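Each remark here refers to the structure printed beneath this line.
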Amino acid sequence: MMPQQDDEGAIKERIAPIGKVRLAGADAQAGNGSQTGNGSQTAAARSGQQVYDKFCAACHTPGVLNAPRINNAEDWAPRLEQGMDTVLRHAVEGYNAMPAKGTCADCSEDEIMAAIEYMTSDI
């Protein structure tokens with residue numbers, strides 16, 4: 001019996017890497033997109049609502065473990081009083097029960113900031 005013959009494209013697809021290694025200090029967006037015809041990377045940033053809906057809503061809608069609820073001024077006031085730089089740092093690094101980046105490991109800081117702005121837009 002002859003082994004199944006694959007075309008070169010099918011072989012490349014099957015053995016393509018499933019992930020990439022990033023080193024501390026490396027650009028978080030590098031390699032976080034789709035390949036273009038010339039081999040360069042392009043990345044479309046997700047909106048604040050997209051990030052919120054996928055990664056934040058489970059905790060920030062009901063206020064799980066004291067997570068500030070979306071657009072709830074009372075919940076957000078003590079956090080916002082610390083300044084947006086601190087709020088962003090806590091979101092990126094993790095704070096109390098919140099894991100780093102709220103489980104969105106591939107989110108950029110801009111996407112995390114967009115989610116924060118989305119959660120506080122009606123306050």
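Being a predicted model, the structure only gives us computed values, none of them experimental. Residue numbers start at 1 and run along the sequence shown.
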Other hydrophobic cluster members with Phe55, side-chain heavy atoms of Ile/Leu/Val/Met/Phe/Trp/Tyr under 4.5 Å, chained?
Val51
Assess whether salt bridge (charged side-chain N to carboxylate O under 4.0 Å, His left out) is satisfied between Asp53 and Arg46, documenting all intermediate values.
CA-CA 11 Å; Asp53 289 346; Arg46 293 166 280 204; over 6 Å; no
Under the salt bridge (Lys or Arg N to Asp or Glu O under 4.0 Å) definition, can you give me all pairs with a residue in residues 84-96, not counting sequence neighbours?
none
What closest approach, in Å, do Leu88 and Ile116 show between heavy atoms, and which atom pair accounts for it?
CA-CD1, 3.9 Å
Mind listing the side-chain donor-acceptor pairs of residues 56-71 below 3.5 Å, one per line with the distance, residues two or more places apart or on another chain?
unit_1: His60; atom_1: ND1; unit_2: Pro68; atom_2: O; d: 2.7
unit_1: Thr61; atom_1: OG1; unit_2: Tyr52; atom_2: OH; d: 2.4
unit_1: Thr61; atom_1: OG1; unit_2: Ala57; atom_2: O; d: 3.0
unit_1: Arg69; atom_1: NE; unit_2: Asp75; atom_2: OD2; d: 2.6
unit_1: Arg69; atom_1: NH2; unit_2: Asp75; atom_2: OD1; d: 3.2
unit_1: Arg69; atom_1: NH2; unit_2: Asp75; atom_2: OD2; d: 3.3
unit_1: Asn71; atom_1: OD1; unit_2: Ser121; atom_2: N; d: 3.2
unit_1: Asn71; atom_1: OD1; unit_2: Asp122; atom_2: N; d: 2.8

Taking Glu111 for its side chain and Ser108 for its backbone only, find out whether a donor-acceptor pair lies under 3.5 Å.
yes
Please determine whether residues Ile112 and Met98 belong to a single hydrophobic cluster, defined as Ile, Leu, Val, Met, Phe, Trp and Tyr linked transitively by side-chain heavy-atom distances below 4.5 Å.
no
Which residues satisfy the side chain to side chain donor-acceptor pair (under 3.5 Å) test with Ser47, sequence neighbours excluded?
Gln50
Residue pairs, two or more places apart or on separate chains, that pass ring pair (Phe, Tyr, Trp, His ring centres under 6.0 Å) and touch residues 62-101:
His90-Tyr95
Residues 68-104 vs disulfide (SG to SG under 2.5 Å), sequence neighbours excluded, gives Cys104-Cys107
